[in-house]
S.K.: 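Here it is: the structure, laid out below.
On a predicted model such as this, the values are computed, not experimentally measured, just so you know. This chain uses plain numbering: 1 for the first residue, then up along the sequence.
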Amino acid sequence: MINLTLKKVIILIIFFIVIILAFSLYININKKKNTVKEITKIQEPKNINTNIIDEIRYSSKDLKGNEFVIFAEEGEIDYKNSDIIFLKKVTAVIKLIKNNEVINITADFGKYNTINYDTIFSKNVVIDYIDNNIKGNYLDFSMVNNLLIVSKNVIYTNSENILFADVIKMNTTTKDINIIMHNSDDKVLIKSLN
């Protein structure tokens with residue numbers, strides 16, 4: 001009789017342990033489902049070395065109060081250097097305090113440094129500034145140096161002229177523009193619109 005009661009007690013203990021384990025498992029699965037719902041904006045990494053983020057916006061100001069705001073549809077954080085973000089479908093705005101001027105930039109791709117705010121724009125780069133439009137395939141922007149350097153198939157257009165060059169450098173503070181050809185024998189091509 002003791003043997004039969006001991007068996008019943010052991011079976012009841014095992015039964016309760018199974019119920020407790022099943023209940024614990026059920027709670028853990030529901031917690032994981034709720035956690036995934038809370039982080040829907042962060043996508044799974046495409047590979048081990050990167051992280052993907054949708055709808056990126058960064059904003060920074062220099063000591064003079066000039067502001068640089070950059071937007072991208074998608075960003076990929078470099079796993080090896082988390083200060084670097086590779087951007088897709090990029091739009092940037094440089095708001096200059098002096099005269100309340102604005103420089104708008106668009107490009108297919110960008111490489112943004114979150115420490116010094118330097119940004120490289122590439123492919124289908126377009127810069128709009130007052131009545132000026134500059135197109136190229138590569139733009140190196142340094143907020144620290146107040147410098148825009150546009151290169152590769154550069155076309156500069158204003159209300160009077162169209163200009164073709166290899167490189168255009170623009171100081172965002174002084175508005176000085178340098179137009180450069182790689183080969184000293186080549187000349188900058190200018191066509192009048194009037």
S.K.: Can you list the residues that meet the side chain to side chain donor-acceptor pair (under 3.5 Å) rule with Asn178, with sequence neighbours excluded?
M.R.: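 Side chain to side chain donor-acceptor pair (under 3.5 Å) list for Asn178, sorted by chain: empty.
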S.K.: If you compare all heavy atoms of Phe164 against all heavy atoms of Met181, which two are closest, and at what distance to 0.1 Å?
M.R.: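 Result for this residue pair: O-SD, 4.4 Å.
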S.K.: What verdict does the side chain to side chain contact (heavy atoms under 4.5 Å, CB included) test give for Leu96 and Lys175, after you've listed the backbone C-alpha separation in whole Å, the side-chain angles of each residue and the deciding distance to 0.1 Å?
M.R.: CA-CA 11 Å; Leu96 304 171; Lys175 310 303 180 297; 3.7 Å; yes
S.K.: If we ignore angles and hydrogens, is there a donor and acceptor under 3.5 Å between the side chains of Asp108 and Asn124?
M.R.: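 The criterion, which ignores hydrogens and geometry beyond distance, is satisfied for Asn124 and Asp108.
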S.K.: Are Asn133 and Thr157 close enough, and set up right, to give a side chain to side chain donor-acceptor pair (under 3.5 Å), and what steps lead you there?
M.R.: CA-CA 5 Å; Asn133 178 279; Thr157 308; 4.8 Å; no
S.K.: Looking at Tyr129, is its backbone amide N or carbonyl O close enough to the side chain of Asn132 to form a donor-acceptor pair, meaning the two atoms are under 3.5 Å apart?
M.R.: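 At least one qualifying donor-acceptor pair exists.
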S.K.: Against the six-membered ring of Phe86, is Lys111 placed for a cation-pi contact (under 6.0 Å from the centre, within 45° of the normal)?
M.R.: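 No, Lys111 and Phe86 do not form such a contact.
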S.K.: May I ask whether Ile134 and Ile177 are part of the same hydrophobic cluster, defined by side-chain heavy atoms of I, L, V, M, F, W, Y residues being less than 4.5 angstrom apart, directly or through others?
M.R.: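 Same cluster: Ile134 reaches Ile177 through Ile, Leu, Val, Met, Phe, Trp or Tyr contacts under 4.5 Å.
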S.K.: Determine whether a donor-acceptor pair (N or O, by modelled atom type, separation under 3.5 Å) exists between the side chain of Asn145 and the backbone of Leu147.
M.R.: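 No, the answer is negative, given that no donor and acceptor are paired below the 3.5 Å cut-off.
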S.K.: Keeping Asp78 on the side-chain end and Lys80 on the backbone end, is there a donor-acceptor pair under 3.5 Å?
M.R.: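 A pair under 3.5 Å: yes.
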S.K.: Hey, what do you get for NZ (Lys123) to CG (Asn137), rounding to the nearest 0.5 Å?
M.R.: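 CG of Asn137 is found 8.5 Å from NZ of Lys123.
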S.K.: Considering all heavy atoms of both residues, which atom of Ala165 and which atom of Leu163 are nearest to each other, and what is their separation?
M.R.: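 That closest heavy-atom pairing would be CB-CD2, 3.9 Å.
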S.K.: Assigning hydrophobic clusters by single linkage (Ile, Leu, Val, Met, Phe, Trp, Tyr; side-chain heavy-atom cutoff under 4.5 Å), is Leu148 placed with Ile120?
M.R.: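 Different hydrophobic clusters.
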S.K.: Which pair of non-hydrogen atoms, one from Ile85 and one from Leu87, has the smallest distance, and what is that distance?
M.R.: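 Looking at all heavy atoms of both residues, the closest pair is CG2-CD2, 3.5 Å.
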S.K.: Do you know the tightest heavy-atom contact between Ser122 and Ala107?
M.R.: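 Nearest heavy atoms, Ser122 then Ala107: O-CB, 3.8 Å.
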S.K.: So with a 6.0 Å cut-off around CG of Asp186, is the heavy-atom count from everything else above 12?
M.R.: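 Enclosed.
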S.K.: Quick one, Ile53 with Ile77, criterion side chain to side chain contact (heavy atoms under 4.5 Å, CB included). Give me CA distance, side-chain angles, the key distance, then yes/no.
M.R.: CA-CA 8 Å; Ile53 302 171; Ile77 301 170; 3.2 Å; yes
S.K.: I need the Lys61 NZ to Ile97 CD1 distance, nearest 0.5 Å.
M.R.: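 Answer for the NZ-CD1 pair, Lys61 versus Ile97, is 6.5 Å.
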S.K.: Please answer: with hydrophobic residues joined when any side-chain heavy atoms are less than 4.5 Å apart, are Tyr58 and Val102 in the same cluster?
M.R.: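 No.
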S.K.: Distance from Met143 atom CE to Ile70 atom CD1, nearest 0.5 Å?
M.R.: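 The distance works out to 11.5 Å.
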S.K.: Using the side-chain contact (heavy atoms from CB on, under 4.5 Å) criterion, which residues pair with Val167? Sequence neighbours excluded.
M.R.: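 Residues passing side-chain contact (heavy atoms from CB on, under 4.5 Å) with Val167: Ile149, Ser151, Lys169, Ile180, His182.
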S.K.: With sequence neighbours excluded, what pairs up with Phe68 under the ring-ring contact (aromatic ring centres under 6.0 Å, His included) test?
M.R.: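 Phe68: ring-ring contact (aromatic ring centres under 6.0 Å, His included) contacts with Phe141.
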S.K.: In the single-linkage hydrophobic clustering (I, L, V, M, F, W, Y; side-chain heavy atoms under 4.5 Å), do Phe121 and Phe109 co-cluster?
M.R.: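 No: no chain of side-chain contacts under 4.5 Å links Phe121 to Phe109.
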S.K.: When you check the side-chain N and O atoms of Asp118 and Ser142, is any donor under 3.5 Å from an acceptor?
M.R.: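 Note: Asp118 and Ser142 side chains meet the donor-acceptor criterion.
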S.K.: Consider side chain to side chain contact (heavy atoms under 4.5 Å, CB included). Of Ile130, Thr172, Asn66, which one does Glu101 pass it with?
M.R.: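 Checked Ile130, Thr172, Asn66 against Glu101; only one passes side chain to side chain contact (heavy atoms under 4.5 Å, CB included): Ile130.
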S.K.: Against Thr106, only a single residue in Asp128, Thr91, Ile127, Val125 fulfils side chain to side chain contact (heavy atoms under 4.5 Å, CB included); can you say which?
M.R.: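 Result: among Asp128, Thr91, Ile127, Val125, Thr91 is the only option passing the side chain to side chain contact (heavy atoms under 4.5 Å, CB included) with Thr106.
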S.K.: Would Glu67 and Ser60 count as having a side-chain donor-acceptor pair, cut-off 3.5 Å?
M.R.: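 Side chains of Glu67 and Ser60: no pair found under 3.5 Å.
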S.K.: Would you find a donor on one side and an acceptor on the other, under 3.5 Å apart, between the side chain of Thr173 and the backbone of Asn146?
M.R.: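 Answer holds: no.
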S.K.: First locate atom OH of Tyr117, then atom OG1 of Thr119, and finally report the distance between them rounded to the nearest 0.5 Å.
M.R.: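 Tyr117 atom OH to Thr119 atom OG1 measures 11.0 Å (nearest 0.5 Å).
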S.K.: Are Tyr138 and Ile179 co-members of a hydrophobic cluster defined by side-chain heavy atoms under 4.5 Å apart?
M.R.: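 Ile179 and Tyr138: separate clusters.
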S.K.: Could you state the interatomic distance from NZ (Lys89) to CD1 (Ile56), rounded to the nearest 0.5 Å?
M.R.: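 It is 14.5 Å, given to the nearest 0.5 Å.
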